[in-house]
A.B. asks: 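Dumping the structure here so I can ask a few things about it.
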Amino acid sequence: MERTRSWFGRRRRRKARGEGGGGGGEEGEGEKVVVDGSEIRELVEDREAFGMFAESKFRELDADGDGRLSVRELQPAVEGIGAALGLPARGSSPNADHIYSEFTNLTCMQAISELTHGKKEEVSRTEFQEVLSDILLGMAAGLKRDPIVILRIDGEDLRDFVDSPRYEPEAAAIFSKIGSEDMSLRQCLLAALQLLNVDNGMPPASDPWVAENIIEPALQKLPAGQLEQPASQDVFLEQLKKLLSNIAERLQEQPVIVAHTENTFDGSGVKRLLDNKFELDKLLDSVWKDVLIEHKNKGSRECLIAALDKMADAAGLPPYGAVNQVDAVVNEALKTVNADERTAVDEAGFKKLLTDILRAVMMQLNRQPIFVSNSTVVHEPLFSSSAILSSPPVKSSPSE
């Protein structure tokens, strides 16, 4: 007998419920999945299974059958892996986009360049296994740093919110933010939904599918004439509660899968790196060697940003371009060293520049930490298998 082993299964966790809230629900109800890269690492570390996986992927990706893969042929593998992991499509989520951009073009090109000494942009079957390992470990590192939680939003948490003591004060606070004599009840309600999130049990109201299939049908159950009238706070609180209850009913019928990420950047990771002189010096040495190859102007703003990106993981920072608020902090730090006016610097000067920039970033984040959360609807089944990720059949033991 044979079975197909899913190497990219996710860690499943049940959400803790209060007394009287457990048991009896449909399978998957209240379920969340943490995508942290651990399954990817397990696959790469299992040499026999990974060898079979790599051979299977090579045959799938070698479109022209020439026994070699170009960067163009490699890229679909990474995007397919992302989809099977539950990452939102490229362009829909900043965190997913980082993982794609950081490890698709960059890792493919770097791995191929190292294997072929920069002489070609394609790999053989044997070289492909090394490239794929680098790509997967790169994605695993990104997910370990910024795990993605996949949530199945089925209306239960939203009903709990509506029935809880939290509802009225939070709804009143929302009304104070959006309430206006010039706004109709409909406009107020739609604006309120934009301010609710997965913590309230609400999927992203900005998603077109959610708007069309969940929110609009729920709105249609409210009094049509009242929706176009100006709303007082009392009317708003009453009708928002009804709308959210209607949305919870829709979600029970059509649960929504959401990829959710949360990060707080407070400078603690930068401090740990700066306090560890051995690790800092080793990292600076490595970055300097890379910069010697990649950039002529060692003191330029572009070069310094590229160097900071190479240090981002060790410093607990996102890659530049990933989080606008953190980019603004980095930009201010670059100004403190006059990065826009610099030309070439020697090795000691380069390392001092990077250290000064990191220290400025740490101090700013320590004063004003940055919290970032993102929720994106995943338009595919939560636990669906993916052809790009399924490993070849593995013979089971007689006991299985």
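Values below: every heavy atom of this structure, side chains too, minus hydrogens, waters and symmetry copies.
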A.B. asks: Could you check whether any side-chain heavy atom of Leu283 comes within less than 4.5 Å of a side-chain heavy atom of Glu279, counting everything from C-beta outward?
C.D. replies: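 No. Closest side-chain heavy atoms not under 4.5 Å.
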
A.B. asks: When you compare the side chains of Thr376 and Asn374, does any donor N or O come within less than 3.5 Å of an acceptor on the partner?
C.D. replies: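 Yes, because at least one side-chain N or O of Thr376 sits under 3.5 Å from a partner of the opposite role on Asn374.
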
A.B. asks: Does some side-chain heavy atom of Arg68 sit less than 4.5 Å from a side-chain heavy atom of Asp62?
C.D. replies: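 When only atoms from C-beta onward are counted, Arg68 and Asp62 do not touch, as no gap falls below 4.5 Å.
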
A.B. asks: If I compare all heavy atoms of Leu185 with all of Ala231, which pair ends up nearest, and what's the gap?
C.D. replies: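 Closest pair (atom of Leu185, atom of Ala231, distance): CD1-CB, 3.7 Å.
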
A.B. asks: Under a 4.5 Å cut-off applied to non-hydrogen side-chain atoms, are Leu151 and Ile257 in contact?
C.D. replies: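 Not in contact.
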
A.B. asks: Would you find more than 12 non-hydrogen atoms of other residues, nucleotides or ligands less than 6.0 Å from Glu168 atom CD?
C.D. replies: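 Not buried by this count: 12 neighbours or fewer within 6.0 Å.
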
A.B. asks: Can you name the closest pair of heavy atoms from Ala312 and Pro318 and give their distance?
C.D. replies: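 Heavy-atom minimum between the residues: CB-O, 4.1 Å.
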
A.B. asks: Going by atom types alone, do Tyr167 and Asp160 pair a side-chain donor with an acceptor below 3.5 Å?
C.D. replies: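 No, because no side-chain N or O of Tyr167 sits under 3.5 Å from a partner of the opposite role on Asp160.
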
A.B. asks: Do Leu243 and Leu222 make a side-chain contact, defined as non-hydrogen atoms from C-beta onward lying under 4.5 Å apart?
C.D. replies: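 They are in contact (side-chain heavy atoms under 4.5 Å apart), so the answer is yes.
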
A.B. asks: Quick check for you: to the nearest 0.5 Å, what is the distance between Ser286 atom OG and Asp281 atom CG?
C.D. replies: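 Rounded to the nearest 0.5 Å, the OG-CG separation comes out at 12.5 Å.
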
A.B. asks: Closest heavy-atom contact between Pro203 and Val258?
C.D. replies: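 Minimum heavy-atom separation between Pro203 and Val258: CB-CG2, 4.2 Å.
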
A.B. asks: I want to check something: taking the side chain as every heavy atom from C-beta on, are Asp154 and Val256 in contact at a cut-off of under 4.5 Å?
C.D. replies: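 When only atoms from C-beta onward are counted, Val256 and Asp154 do not touch, as no gap falls below 4.5 Å.
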
A.B. asks: Taking all atoms of both residues into account, what is the closest heavy-atom pair of Pro204 and Val377, and its distance?
C.D. replies: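 Closest approach of Pro204 to Val377: CD-CG2, 3.8 Å.
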
A.B. asks: Is it true that atom CD of Glu48 has more than 12 heavy atoms of other residues, nucleotides or ligands lying nearer than 6.0 Å?
C.D. replies: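 Atom CD in Glu48 is not crowded, with 12 or fewer foreign heavy atoms closer than 6.0 Å.
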
A.B. asks: Testing the 3.5 Å rule here: is there a donor-acceptor pair between the side chains of Ser268 and Asp266?
C.D. replies: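 Ser268 vs Asp266: donor-acceptor pair found between side chains.
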
A.B. asks: Do we see a donor-acceptor contact under 3.5 Å between the side chains of Arg301 and Asn338?
C.D. replies: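 No, Asn338 and Arg301 have no side-chain donor paired with an acceptor closer than 3.5 Å.
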
A.B. asks: Quick one: are Phe350 and Leu284 in side-chain contact, heavy atoms under 4.5 Å?
C.D. replies: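 The answer is no; the side chains never approach within 4.5 Å.
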
A.B. asks: Met311 and side-chain contact (heavy atoms from CB on, under 4.5 Å): which single residue from Val270, Ile357, Leu354, Leu317 fits?
C.D. replies: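 When side-chain contact (heavy atoms from CB on, under 4.5 Å) is applied between Met311 and each of Val270, Ile357, Leu354, Leu317, only Leu354 qualifies.
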
A.B. asks: Side chains of Ser206 and Gln194: does their closest heavy-atom pair fall under 4.5 Å?
C.D. replies: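 Yes, side chains in contact.
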
A.B. asks: Could you check if a side-chain atom of Phe236 sits within less than 4.5 angstrom of a side-chain atom of Ile178, using non-hydrogen atoms only?
C.D. replies: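 SC-SC contact between Phe236 and Ile178 confirmed.
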
A.B. asks: Just wondering, more than 12 heavy atoms not from Phe371 lying within 6.0 Å of its CZ?
C.D. replies: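 Buried by this count: over 12 neighbours within 6.0 Å.
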
